[in-house]
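Some notes on the structure that comes next.
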Number of protein chains: 2
Amino acid sequence: MAQTGTLTHAVEEYLEAIHRFASAREGPTTTGLAEHLDVTPASVTGMLKRLADLGLIAYQRYGRIRLTPAGDRLAHAIVRRHRLAERLLADVLEVPLDQVHDEACRLEHALSPDVAGRIADKLGDPELCPHGHPIDAQADDRTMSLLDAPKSRALVVVRLENESPEVVRYLADQKLLPKARLKVRAREPVGGGVVVEVDGERHTIGRELAATIRVTRPRRTSRT
Amino acid sequence: MAQTGTLTHAVEEYLEAIHRFASAREGPTTTGLAEHLDVTPASVTGMLKRLADLGLIAYQRYGRIRLTPAGDRLAHAIVRRHRLAERLLADVLEVPLDQVHDEACRLEHALSPDVAGRIADKLGDPELCPHGHPIDAQADDRTMSLLDAPKSRALVVVRLENESPEVVRYLADQKLLPKARLKVRAREPVGGGVVVEVDGERHTIGRELAATIRVTRPRRTSRT
DNA sequence: GTAGAATTTTAGGCGAGGCTAAGATTGACG
DNA sequence: CGTCAATCTTAGCCTCGCCTAAAATTCTAC
């Protein structure tokens with residue numbers, strides 16, 4: 001029933017993708033996974049069967065997709081390796097943030113538990129990846145989507161749910177990376193865009209994009 | 001005809017293995033590759049055909065195996081990534097030397113040219129991997145095998161051709177890692193073992209093992 | 001130079017993981 | 001409640017990379 005070393009790259013990719021969907025509170029769907037992984041829905045169905053056979057997901061035809069405890073443990077380990085790789089790339093090798101995710105996607109499958117542990121040691125057990133996602137299991141999530149954030153209150157960006165290079169580059173331009181302080185100034189009457197003020201400047205963030213930015217009220221604890 | 005990004009892991013493994021054999025002046029053979037890659041000779045034949053189709057090796061049935069210029073360029077790039085990965089693992093993450101090779105074998109396929117370049121930058125363009133192999137193309141090789149080394153002269157270990165964990169661990173115990181200074185004291189009359197003096201102590205190194213240790217007369221240049 | 005050993009290749013198969021096309025199921029909406 | 005679109009699965013096929021068993025070739029040694 002699936003040893004750690006036994007997993008193929010494809011299996012790891014799927015587990016990670018399912019985990020990401022689940023964490024994002026969107027139930028993973030065949031089509032959603034297909035888009036995320038850039039394969040056809042038919043291929044996803046095939047792999048879901050295999051994952052079910054391996055005891056990594058609970059699933060029946062046309063049914064809901066959920067990780068089993070075993071699958072969840074593995075997925076966590078993979079995501080952890082991914083995020084540690086991101087920190088190594090960003091902090092040690094100074095890879096530009098918008099490239100960090102894609103590079104880490106390849107590295108995560110090549111990191112042994114031992115090397116992952118050493119990265120964590122070297123970097124002083126970082127808590128967050130460069131996009132603001134927790135590296136180890138998180139208990140509670142006090143963040144909200146920028147879309148739901150209250151107007152005129154001090155907010156701070158916690159993490160970006162969308163790590164694609166274009167999105168990260170765009171948000172870097174707008175100074176909307178994790179730890180950035182901002183306020184919501186207005187919401188567009190149609191389309192639901194959000195007008196934010198960052199660094200004294202105002203930008204409008206489209207609805208879909210705003211939904212992927214998680215923010216919170218500033219904690220007195222962290223003030224650079 | 002084979003873009004860089006197009007290569008599968010298996011193709012990269014084979015190119016690297018062929019390159020290693022060629023560098024070691026042993027012509028690569030079907031059986032040799034099969035052992036090195038831990039697959040059957042029949043599988044090697046299959047892959048050799050594919051590599052020939054891709055224009056990466058020149059080869060005909062029962063004939064000699066040689067990298068084409070294109071194959072050689074690719075193989076060099078792969079070996080370079082491997083050795084840069086080794087330096088990163090050894091220098092930054094402090095992975096024990098005997099594990100470095102195996103970890104790098106997995107990492108090398110996951111490093112983009114960009115990340116490889118950044119590793120080289122961060123580490124100050126190192127010339128050698130931790131086992132003493134040159135990271136970039138080497139012009140001439142003034143080294144000799146420990147088996148051929150003259151007696152009673154000061155010698156220094158340049159590199160280990162065999163990077164397997166057991167061998168590296170064993171040689172580390174004998175203090176016979178790159179840069180170690182030694183003298184050949186005697187040769188066994190039968191079996192061809194070599195008696196060396198390192199650090200004031202004498203050990204006998206078996207014939208096969210001694211053949212994989214490259215040494216040279218010390219250059220006045222490097223004296224730690 | 002020829003027999004036997006060693007090496008290499010062919011033939012035939014298998015599993016992983018992808019695809020397309022077509023059929024099944026679900027769900028949204030009039 | 002039925003219909004139609006969206007979603008999901010099945011069926012059938014493909015490539016890659018590996019395997020075993022058997023045949024072909026080359027090498028070695030008398």
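Hydrogens, waters and symmetry mates are skipped; everything else that's a heavy atom, side chains included, is used. A, B, ... follow the sequence lines: proteins, then strands. Residue 1 opens every chain.
Across all strands shown, A:Thr45 has heavy atoms under 4.0 Å from base atoms, whether or not it also approaches the sugar-phosphate.
When the C1' atom of D:dT7 is taken as reference, atom CZ of A:Arg64 falls 16 Å away, rounded to whole Å. Remark: P of D:dT9 and CZ of A:Arg50 are 15 Å apart, rounded to the nearest angstrom. As a whole-Å value, the separation of A:Glu35 CD from D:dA6 C1' is 12 Å. Computed from coordinates, the B:Leu37 CG to D:dC16 C1' distance equals 16 Å when rounded to whole Å. In this entry the distance linking CD of A:Gln60 with C1' of D:dT7 reads 18 Å, nearest Å. Rounded to an integer number of Å, the gap from B:Asp53 CG to D:dG17 C1' is 15 Å. At whole-Å resolution of the value, CG in B:Leu7 and P in D:dT15 are 19 Å apart. Following rounding to the nearest Å, B:Glu12 (CD) and D:dC16 (P) show an atom-to-atom distance of 16 Å.
Of the candidates C:dA16, D:dT20, D:dT26, the closest approach to any side-chain atom of A:Thr8 belongs to C:dA16. In this structure, the nucleotide among C:dG17, D:dC19, C:dT9 sitting nearest to the side chain of B:Leu48 is C:dT9. With D:dC18, C:dC19, C:dG17 as the candidates, the nucleotide lying closest to the side chain of A:Ala10 is C:dG17.
Of the residues near DNA chain C, A:Tyr62 and A:Ala42, the one whose nearest nucleotide (by heavy atom distance) lies more toward the 5' end is A:Ala42.
Looking at B:Glu103 and A:Ser112, their side chains do bring a donor and an acceptor atom within 3.5 Å of each other.
The aromatic rings of B:Phe21 and B:His36 sit perpendicular to each other, their planes meeting at more than 60°, with 30° as the lower class boundary. The aromatic rings of A:His101 and A:His82 sit tilted, their planes meeting at an angle between 30° and 60°.
When atom types are taken as modelled, the side chain of A:Arg66 and the backbone of A:Ile57 share no donor-acceptor pair closer than 3.5 angstrom. At least one donor-acceptor pair under 3.5 Å links the side chain of B:Arg81 to the backbone N or O of B:Glu108.
When the side-chain nitrogen and oxygen atoms of B:Lys49 are compared with OP1 and OP2 of C:dT9, none of them lie within a distance under 4.0 Å. Remark: B:Arg61 is in phosphate contact with C:dT10, judged by side-chain N or O atoms under 4.0 Å from OP1 or OP2. For the pair A:Thr30 and D:dT7, the criterion of a side-chain N or O lying under 4.0 Å from OP1 or OP2 is not met. For A:Tyr59, no side-chain nitrogen or oxygen approaches OP1 or OP2 of D:dC8 to under 4.0 Å.
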